[in-house]
There are 2 protein chains.
Amino acid sequence: MRRNPERRSALLDCAIDVLARDGARGLTFRAVDVEAEVPTGTTSNYFPNRAALLTQIGGRIYERLQPDPATIAKSLEGPRTRARVEALMYELVDRVSAFRTGYLALLELRLEATRRPDLREVLTTRIRADVDANIDYHLKSGLPGDATTVKLLFLAMNWLIVERLTLPDLFGEDEIHDLVAAAVERIVPNQ
Amino acid sequence: MRRNPERRSALLDCAIDVLARDGARGLTFRAVDVEAEVPTGTTSNYFPNRAALLTQIGGRIYERLQPDPATIAKSLEGPRTRARVEALMYELVDRVSAFRTGYLALLELRLEATRRPDLREVLTTRIRADVDANIDYHLKSGLPGDATTVKLLFLAMNWLIVERLTLPDLFGEDEIHDLVAAAVERIVPNQ
DNA sequence: ACCGTAGTACTACAGATGGAGTGGTGTCAA
DNA sequence: TTGACACCACTCCATCTGTAGTACTACGGT
């Protein structure tokens, strides 16, 4: 088992790309080796088996999905209004959509999680932390709405991103924009 | 190429189960043969290749997801209130969750669709028809809310089902129930 | 300056699996 | 008799995993 952490992260990043591009079917040690342009067998040396690779991918995606500090700082500026929530939602949808491979890989992992209890546990923990952090942030920053508001936005935005990434022709870009606006308008109380 | 339609449907139903249980990775002609308890090679005889099998699975799932006429008739009874919409949402979430394998298989297909334009087209057409039918039904039946209401409910309910089926420990059953109620309360206008 | 050791990169291979697809044979019904 | 289908068998093939062995590099000791 090799320990070089940069290389491990690089392998995980390539594994995310493979997972998004070729699906769970295409995710093999060899495929990751090829994607990372490292010699055959390298990924085998870094991960004892496929299950370990999958759970570590889950952790890695969430590492990369966190907004960078600059974005967080910026989001703390401005008035605490519904319009501000709307702006945050556009930012969220675009940030997640921009990491397309990560989001698609995460969906693959969710499906894998129905078969792998350990992976399910990892994902549940991570996502619960994420939801809680969002609720916490929302309440503390004085934005309008309660915990339920945040959860409902979470539900709607997630599926909106799914539609955008998997069946882009179902809702066009304009309609996606309008749906974000409508979701905020109806779910978030006015002031 | 064999034509017996009952057998074809039976094979597709088994393919749905395989897809939900073992994922895209496990969906092979042989696995379907085993699941359907038919001789090796049968599925090969009915579908020219994996791609055709996948697109036909997509069609089959949507056939089976439609509510039966009795359910539709029942849903036309009663007053046209927000409480009625809430009841319909509980029915929807439970009906879809009950066809667990179908929903999970559909998610697998969505991910496959990112790689297969023909599958993407099939799914887009089907789902658009489904969304339009729901909007149409909602408006014609005089339930409160407009097309956007229906779409927002569609977004929230879909992801709620995803959570329930893939990470059941994230939201408990009680919380899921509450979220359905909250979604209706906030998204659907009062009368 | 030399040597030994540890950790890692790279290479190669053993071993095994499992699937795709096709062609042939028997059966039944029109 | 013919056509369609169920069933069966067989060939070919494409990988994948996991590990063992070799080479390289850095570092610390003498």
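Side chains included, hydrogens not; waters and symmetry mates left out as well; all remaining heavy atoms used.
Between the two ends of the helix from C/dA1-D/dT30 to C/dA30-D/dT1, each summarised by a five-pair axis, the helix axis turns through 10° (rounded to 10 degrees).
Applying the side-chain hydrogen bond (donor to acceptor under 3.5 Å, both in side chains) rule to pairs touching residues 20-32 of chain B yields B/Arg21-B/Glu35, sequence neighbours excluded. For residues 120-136 of chain A, the set of pairs meeting the side-chain hydrogen bond (donor to acceptor under 3.5 Å, both in side chains) definition, not counting sequence neighbours, comprises A/Asp136-A/Lys140.
At C/dA6, none of the side-chain N or O atoms of A/Arg2 fall inside 4.0 Å of OP1 or OP2 (strictly under the cut-off). A/Asn4 has no side-chain polar atom (N or O) that falls below the 4.0 Å cut-off from OP1 or OP2 of C/dG7.
Under the salt bridge (charged side-chain N to carboxylate O under 4.0 Å, His left out) criterion, A/Arg8 pairs with no residue, sequence neighbours left out. The side chain to side chain contact (heavy atoms under 4.5 Å, CB included) search around A/Ala129 returns none, not counting sequence neighbours. Every residue meeting the side chain to side chain contact (heavy atoms under 4.5 Å, CB included) condition with B/Asp146, not counting sequence neighbours, appears here in chain and number order: A/Arg186, B/Thr148, B/Thr149. When the side chain to side chain contact (heavy atoms under 4.5 Å, CB included) test is applied to A/Ala15, the partners found at least two apart in sequence or on another chain are A/Leu27, A/Val32, A/Leu53, A/Ile57.
If you check residues 42-56 of chain A against DNA chain C, the residues with a heavy atom closer than 4.0 Å are A/Asn45, A/Tyr46, listed by number. Listed by residue number, the members of residues 15-41 of chain B with any heavy atom below 4.0 angstrom from DNA chain C are B/Thr28, B/Phe29, B/Arg30.
At least one side-chain heavy atom of B/Val38 sits less than 4.5 Å from a side-chain heavy atom of B/Leu11. No side-chain heavy atom of B/Arg7 sits under 4.5 Å from any side-chain heavy atom of B/Arg2. Between A/Phe99 and A/Ile61 the shortest side-chain heavy-atom distance falls below 4.5 Å.
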Could you give the side-chain donor-acceptor pairs of residues 170-180 of chain B under 3.5 Å, partners two or more places apart or in another chain?
residue  : atom : partner  : partner atom : Å
B/Glu173 : OE1  : B/Arg164 : NH2          : 2.8
B/Glu173 : OE2  : B/Arg164 : NE           : 3.2
B/Glu175 : OE2  : A/Lys151 : NZ           : 2.3
B/His177 : NE2  : B/Tyr90  : OH           : 3.4

Could you tabulate the donor-acceptor pairs under 3.5 Å formed by side-chain atoms of residues 39-47 of chain B, not counting sequence neighbours?
residue : atom : partner : partner atom : Å
B/Thr42 : OG1  : B/Pro39 : O            : 2.6
B/Thr43 : OG1  : B/Asp33 : OD1          : 2.4
B/Asn45 : ND2  : B/Gly41 : O            : 3.4

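With salt bridges taken as basic N to acidic carboxylate O contacts below 4.0 Å, one links A/Arg60 and A/Glu63.
In this structure, A/Arg8 atom CZ and C/dT8 atom P are separated by 10 Å, rounded to whole Å.
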Which atoms of nucleotides 26-28 of chain D (N or O only) lie under 3.5 Å from a protein N or O atom, and what are those distances?
none

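Side-chain contact annotation: B/Asp68 with B/Thr71, donor-acceptor N/O pair under 3.5 Å present.
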